[in-house]
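Structure first, then comments.
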Amino acid sequence: MADSGTLTGRRALVTGGASGIGRACAVRLAGAGAEVVVVDRDAEAAEAVAKEVGGRAVAVDLSNLDAVSALDVDVDVLVNNAGLQHVAPVHEFPVDRFSLILRLMLETPFRLARSALPHMYERGWGRVVNVSSVHGLRASAYKSAYVTAKHGLEGLSKVIALEGAPHGVTSNCVNPAYVRTPLVENQIADQARAHGLSEDQVVEQVMLAPAAVKRLIEPDEVAEAVAYLCSPAAASITGSSLVMDGGWSAH
């Protein structure tokens with residue numbers, strides 16, 4: 001666990017920070033001493049998290065690229081977490097949905113990093129942490145947009161790592177399998193209806209089938225990995241993917 005004062009004097013921005021992994025990251029980074037900017041389209045929920053961590057909330061639709069480019073990203077830690085999911089075969093996948101997912105989950109992280117890096121370079125220190133997924137390393141059927149976006153995020157993260165290294169900036173991905181978040185809980189309910197299974201059966205027979213560890217990951221576990229990558233102990237880790245998939249990719 002990172003020391004409580006590791007990030008004292010640092011400002012962190014967390015996208016999708018109002019719930020799930022993002023909220024857990026906001027709480028954890030604040031606990032390490034960071035001033036946290038909670039960015040989410042849900043203004044009320046973002047404000048509640050910001051109040052909890054003594055930070056600041058910014059309500060914005062991160063799929064609106066003009067709004068993203070207008071954000072103040074004068075931060076030392078950037079956590080790209082916001083995302084969504086859509087499940088459909090490639091030949092039936094809605095083209096506008098595909099564009100939305102890539103815009104939110106790949107172009108928005110690029111734009112935020114583009115805006116944040118000059119400040120990080122000036123200070124000689126920065127941390128970019130991209131919440132990727134096991135789907136940044138492996139594919140699943142019916143998730144073409146999500147898998148494409150996460151694979152792209154992996155590549156972007158590595159490029160930032162190579163460019164940022166001379167300036168004291170690291171860039172890494174965290175790659176969880178299914179995490180107990182509202183996004184996943186909605187998928188469980190949808191798949192239960194589609195397959196005629198109970199929600200427990202969906203988790204056991206569908207979601208956790210490829211994993212050796214048969215449980216959902218908790219958001220706090222992901223947040224701990226994010227905090228570690230921001231800690232002094234991880235200063236030499238960059239361009240990497242920290243896999244926490246319960247053994248999924250060990251196959």
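- With S240 as the fixed residue, the side chain to side chain contact (heavy atoms under 4.5 Å, CB included) test singles out one of N172, L229, V174, N175: N172.
- Classification of E47 and K51 as a salt-bridged pair fails, no side-chain N sitting under 4.0 Å from a carboxylate O.
- Here the straight-line distance linking atom OG1 of T148 with atom CZ of F93 works out to 8.5 Å at 0.5 Å rounding.
- Note on L78: it does not cluster hydrophobically with I21, by side-chain heavy-atom contacts below 4.5 Å among ILVMFWY residues.
- The backbone N or O of L65 sits less than 3.5 Å from a side-chain atom of S69, completing a donor-acceptor pair.
- Side-chain heavy atoms closer than 4.5 Å link hydrophobic residues (I, L, V, M, F, W, Y) into clusters, and following such links, possibly through other members, connects Y228 to V14.
- Shown here are the ring pair (Phe, Tyr, Trp, His ring centres under 6.0 Å) partners of Y142, two or more places apart in sequence or in another chain: there are none.
- E221 places a side-chain N or O within donor-acceptor distance of the main-chain N or O of E218, the cut-off being under 3.5 Å.
- The same ILVMFWY cluster, assembled from side-chain heavy atoms under 4.5 Å apart, contains both V129 and L7.
- Under the 4.5 Å side-chain heavy-atom criterion for Ile, Leu, Val, Met, Phe, Trp and Tyr, V39 and F110 are members of the same hydrophobic cluster.
- Between H119 atom NE2 and D74 atom CG the span is 4.5 Å, to the nearest 0.5 Å.
- Looking only at side-chain heavy atoms (C-beta outward), Q187 and M207 come within less than 4.5 Å of each other.
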Review point. Step by step, would you call E204 with K214 a salt bridge (charged side-chain N to carboxylate O under 4.0 Å, His left out)?
Key: CA-CA 7 Å; E204 294 167 10; K214 300 296 186 183; over 6 Å; no
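- In this structure, N186 has no side chain to side chain contact (heavy atoms under 4.5 Å, CB included) partners at least two apart in sequence or on a different chain.
- E154 contributes atom CD, which lies 8.0 Å from atom CG of N130 (distance to the nearest 0.5 angstrom).
- For the pair S171 (side chain) and I160 (backbone), a donor-acceptor distance under 3.5 Å is absent.
- Cluster annotation: L183 and V206 are assigned to distinct hydrophobic clusters (Ile/Leu/Val/Met/Phe/Trp/Tyr, side-chain heavy-atom contacts under 4.5 Å, transitive).
- Within the 3.5 Å criterion, the main-chain N or O of V131 finds a donor-acceptor partner in the side chain of K150.
- Judged purely by atom type and a 3.5 angstrom limit, S63 has no side-chain atom pairing as donor or acceptor with the backbone of L100.
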